[in-house]
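Both counts, for ligands and for their atoms, begin at 1 and track the order of listing.
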Amino acid sequence: MSRNWVKIKISDYARLSVNPLRKITQEQKVEPNPLKRSITLQLGDPTIFGNFPPPISLINALNNAVHRDKFPYNLSYGKYESRKAVAEYSKHQGLVTADDVILASGCSHAMEMCVLTLTASGENVLIPKPCYNYKTWLDGVKIETRAYNLNPEQSWNIDLKDMESLIDEKTRCIIVNNPGNPCGNVFSKDHIIDLLALAEKHKLPIVADEIYEHFVFPGIEYHSISSLSKTVPILTCSGLSKRFLVPGIRMGWIIIHDRNDSLSEVKQGLRNVSARILGPNSTVQYALPEILQNTQQQFFVNKMMKIACNAELAYGLLNQIPGLKPIKPRGSMYMMIKIELEKFPEFKSCMEFTQQLIREQSVLVFPSYPCFNYPGFMRIVLTVTNDMIEEACARIKEFCETHVVN
Ligand SMILES: *Cc1c(COP(=O)(O)O)cnc(C)c1O
């Protein structure tokens, strides 16, 4: 019996787990202009240009952890001392103990664990639009995502009517990202209270992506969603990646804000799920208490000042360009810029616009569709150097002046 090997099939899980950002950067076919040095304002990784180094406390803590010279398995949901340190670090969210903490391999892993613990295939979850790549985890396991609008005219606040219209008996949770990527939204206390009232009315838990907690510009107030409710069950996810400027470390966590014991099964479920990969990196777990306790407030203040300055600079320059309308961010490290496509009849979409921008000006930005499931915008990152922002804005200006019709 001689049969030849054929191409081996993959599962829907693998085929549909597509990250649109990675797809565009890793499989991008567009060639930049060879006469111009490339400026990339695409990936949300602040380590690329060396202008945002991590805190010294973190380097020291990791050194100490490595020199322990022992790399055991830990409890799969995290070593007690590390969870205790995360609980202490998260006390602005409300009452948190080590027992309420689950460690994960980054905030994205933490979020995936939460959503897959609450939801089964055939059910649905609400996600924002524009949106970080939450669909990447859900499409492959046949969980429906229903996208509620954020409104650019109102500082990217949630359109709560739209959100409510999407809820049905198969809805299991609401994913909220605040401060947000890609919009730079930071919700006011009143807006969060309105959101919580909606969750209360429909008895839906919230899965809060707060990887940008405290990541707001000077003068802006930040409120953790869980800090404003005593009744809505909330799973809050965060981690080291963004605030400590170390995305490659892969350390994140879930805080379970239980109310009236409504999340006791969920806590057990999350502990079960954490055992699938036997927990996150043990060296970083050992370093975690020192990292969280020893990092100076000044490190965070300086970082936010620099990012806020870049936001001001980019906003001022882009706001003068015909056909563009930047939306001022209030936090995180991105800015969304509306492309008035009716003034650029050569381009049918933000994708075509941004591809031609690469070909002519070697400026790389993300089109809001497909990257964030929202048409008509582009996103830039604000953690590059001021020089790069100035140069990129000058080239974007030249590009728009060449193509705009009045
Ligand atoms: C970067 C980012 C994450 C991923 O965080 P990791 O800890 O690196 O997994 C999650 N959510 C949002 C909104 C992000 O921008």
Check whether the side chains of Asn124 and Thr171 place a donor and an acceptor atom closer than 3.5 Å, and report yes or no. yes
Which of the ligand 1 atoms, numbered from 1, are nearer than 4.0 Å to a heavy atom of Gly106: 7 (O), 9 (O)
Who gets closest to atom 13 (C) of ligand 1 by heavy atom: Asp209, Asn178, Ile175, Asp45? Asp209
Check each atom of ligand 1 against the heavy atoms of Asn181 and keep those under 4.0 Å away; list them by number with element. 13 (C), 14 (C), 15 (O)
Tell me the protein heavy atom at minimum distance from atom 9 (O) of ligand 1, and give that distance in Å. Ser108 OG, 2.6 Å
Is the shortest distance from a Lys or Arg side-chain nitrogen in Lys170 or Glu123 to a carboxylate oxygen in the other one below 4.0 Å? no
Would you check if there is a donor-acceptor pair between the side chains of Ser57 and Thr295 at a distance under 3.5 Å? yes
Option nearest atom 1 (C) of ligand 1 (shortest heavy-atom distance, choices Lys242, Met251, His109, Arg243): Lys242
Take the angle between the ring planes of Phe187 and His191 and call it parallel below 30°, perpendicular above 60°, tilted in between. perpendicular
Which heavy-atom pair separates Pro128 from Ile175 by the least distance, and what is that distance? CD-O, 3.7 Å
Do Glu312 and Lys328 meet the salt-bridge criterion of a basic N to acidic O distance under 4.0 Å? yes
Report the residue from Phe347, Phe366, Phe377, Tyr369 that forms a ring-ring contact (aromatic ring centres under 6.0 Å, His included) with Phe353. Phe347
If I apply the N/O under 3.5 Å rule, does Tyr212 come out as touching ligand 1? yes
Which protein non-hydrogen atom lies closest to atom 3 (C) of ligand 1, naming both residue and atom, and how far is it? Tyr132 OH, 3.3 Å
Would you say Arg250 touches ligand 1, if touching means a heavy atom closer than 4.0 Å? yes
Give a yes or no on whether a salt bridge exists between Lys36 and Glu398, defined as a side-chain N under 4.0 angstrom from a carboxylate O. yes
Quick check on Ser241 - does any of its heavy atoms sit under 4.0 Å from an atom of ligand 1? yes
Using a 4.0 Å cut-off to any heavy atom of Ile211, which atoms of ligand 1 qualify? 7 (O), 10 (C), 11 (N), 12 (C), 13 (C), 14 (C)
Taking N or O atoms only and a 3.5 Å limit, does Ser105 qualify as a polar contact for ligand 1? no
Would you mind checking which non-hydrogen protein atom is closest to atom 5 (O) of ligand 1, with the distance to 0.1 Å? Cys107 CB, 3.6 Å
Show which atoms of ligand 1 fall inside a sub-4.0 Å distance from at least one heavy-atom site of Asn177. 13 (C)
Which value, rounded to the nearest 0.5 Å, describes the distance between Leu126 atom CG and Thr145 atom OG1? 9.5 Å
